[in-house]
Amino acid sequence: MASTPEVLLCVGEALRRYGFPQGHPLSVDRQQAFLDEAQRRGLTASVQVLPPRVATVDELTGFHAQTYVERVARGSERGVGFLDYGDTPFFPGLFEAAAAVAGTALDAAARVLSREALRSFQPIGGLHHARYGAAAGFCVFNDIGVVIERLRREHGVRRIAYVDIDVHHGDGVFYEYEHDPDVIIADIHEDGRHLYPGTGHAFERGTGEAEGTKLNLPLKPGATDRHFLRAWDAAEEFVRDQRPEFIILQCGVDSLRGDPLAHLALTPKAHAHATERLCRLANELCEGRLMVFGGGGYHLGNVAQGWNAVLEELLRGSWR
């Protein structure tokens with residue numbers, strides 16, 4: 001494992017463009033805020049950089065409805081209006097920007113599976129609200145779902161663990177795989193009674209034959225690292241018991257103190273801890289295979305600090 005290149009960092013201009021205009025909370029500045037801090041810390045010298053690639057329609061329809069993909073393409077050409085009820089606006093080039101998030105994730109997954117990289121980190125990714133046939137919550141194409149489908153259909157990976165520590169419940173992944181016993185989900189988020197999307201209750205543990213393969217751990221507004229770490233211990237034990245073959249982490253930093261859209265009070269230490277523990281778990285169960293996506297985060301200082309805490313642990317975890 002030591003001879004495998006450390007971390008694949010997925011960044012580039014096409015990913016930077018996944019952001020919305022006119023003061024939207026999800027701006028185009030997030031990738032650069034992260035990169036400036038990564039360069040200041042000297043981290044960029046230790047990674048492989050994977051340039052973006054726009055996914056094909058066939059790749060997108062591995063998870064999404066053909067009619068929905070076509071709707072996004074048409075709306076992107078016009079560049080006006082909304083994909084949902086007001087959170088996710090069209091702009092010229094939206095289709096290509098959103099498809100780049102998914103296409104880059106697919107390329108990263110292929111590199112991790114082929115052992116060209118041990119782990120991957122895609123800061124502009126983890127669009128966990130998009131559904132099979134709809135956008136939601138700033139998310140157009142669900143790169144997580146696109147990757148899960150590719151891993152299973154083309155690479156024969158059966159049991160996949162999806163761990164989500166974004167402040168918002170990952171409903172676009174949870175409910176699309178609610179009935180699937182081989183997609184293991186552990187999701188720590190702010191209680192849906194206080195925050196969008198209003199889902200992710202503790203009693204939701206999967207349905208049918210998948211009951212018991214999902215774990216929601218809602219946190220009360222104002223929760224700190226202490227509360228997170230208690231929930232994390234439960235999430236980690238749950239994932240270990242499920243014995244996945246591959247792990248995906250969505251590490252949204254909108255759970256950090258000061259995010260304008262949420263009410264938790266975590267520090268980057270929480271995200272560092274989660275990453276460090278999943279590196280160890282991936283080494284233990286998954287031949288090291290771990291993909292990480294940046295998810296949400298709408299305070300640029302938190303984006304810089306939180307995502308770099310994750311990257312530092314990924315680099316350390318390459319030799320654990």
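All values below come from the heavy atoms of this structure, side chains included, with hydrogens, waters and symmetry mates left out. Sequence positions, counted from 1, serve as the residue numbers for this chain.
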Subject >> Partner of Tyr177 under side chain to side chain contact (heavy atoms under 4.5 Å, CB included), chosen from Ile144, Asp182, Ile148 >> reply: Ile148

Original post:
When hydrophobic residues are tied together by side-chain contacts of less than 4.5 Å, even through go-betweens, does Val292 share a cluster with Ile184?
Top reply: yes

**OP:** For Asn216 and His201, run side chain to side chain donor-acceptor pair (under 3.5 Å): C-alpha distance rounded to whole Å, both residues' side-chain angles, the deciding distance at 0.1 Å, then the answer.
**Re:** CA-CA 6 Å; Asn216 283 308; His201 305 292; over 6 Å; no

**OP:** Answer with yes or no after comparing the ring centroid distance for Phe95 and Phe141 against a 6.0 Å cut-off, counting only values under it.
**Re:** yes

Subject >> Salt bridge Glu37-Arg40, side-chain N to carboxylate O under 4.0 Å >> reply: yes

Original post:
Is it true that Arg280 and Glu276 make a salt bridge, defined as a side-chain N closer than 4.0 Å to a carboxylate O?
Top reply: yes

Original post:
So, Asp171 versus His128: side-chain donor-acceptor pair below 3.5 Å or not?
Top reply: no

Original post:
Does a salt bridge link Asp180 with Lys214, judged by any charged N lying under 4.0 Å from a carboxylate O?
Top reply: no

Subject >> With sequence neighbours excluded, residues passing side-chain contact (heavy atoms from CB on, under 4.5 Å) with Pro21 >> reply: Phe91

**OP:** Decide if the gap between the ring center of Tyr18 and the ring center of Phe20 is smaller than 6.0 angstrom.
**Re:** yes

**OP:** Answer yes if the ring centres of His169 and His189 are under 6.0 angstrom apart, and no otherwise.
**Re:** yes

Original post:
Is it true that Arg316 and Glu313 make a salt bridge, defined as a side-chain N closer than 4.0 Å to a carboxylate O?
Top reply: yes

**OP:** Could you tell me which non-hydrogen atom of Ala210 sits nearest to which non-hydrogen atom of Thr213, and how far apart they are?
**Re:** O-OG1, 2.6 Å

Just distance, no hydrogens or angles: give the donor-acceptor pairs under 3.5 Å from side chains in residues 226-233, sequence neighbours left out.
unit_1 : atom_1 : unit_2 : atom_2 : d
His227 : ND1    : Thr224 : N      : 3.0
His227 : ND1    : Thr224 : OG1    : 3.1
Trp232 : NE1    : Glu236 : OE1    : 2.9

**OP:** Mind checking the CZ-CG spacing from Phe174 to Asp164? Nearest 0.5 Å is all I need.
**Re:** 11.0 Å

Original post:
Looking just at side-chain N and O atoms, do Gln32 and Asp36 make a donor-acceptor pair shorter than 3.5 Å?
Top reply: yes

Subject >> Salt bridge Glu59-Arg150, side-chain N to carboxylate O under 4.0 Å >> reply: yes

**OP:** Kindly give the heavy-atom pair with the smallest separation between Asp259 and His299, and that separation in Å.
**Re:** OD2-N, 3.9 Å

Original post:
Going through the distances and angles, do His24 and Phe138 end up as a ring pair (Phe, Tyr, Trp, His ring centres under 6.0 Å)?
Top reply: CA-CA 9 Å; His24 192 283; Phe138 315 160; 4.5 Å; yes

**OP:** Run the numbers on Arg17 and Glu96 for salt bridge (charged side-chain N to carboxylate O under 4.0 Å, His left out), then give the verdict.
**Re:** CA-CA 9 Å; Arg17 292 181 186 138; Glu96 290 76 16; over 6 Å; no

Subject >> Ring center gap for His129 and Tyr196 short of 6.0 angstrom >> reply: yes

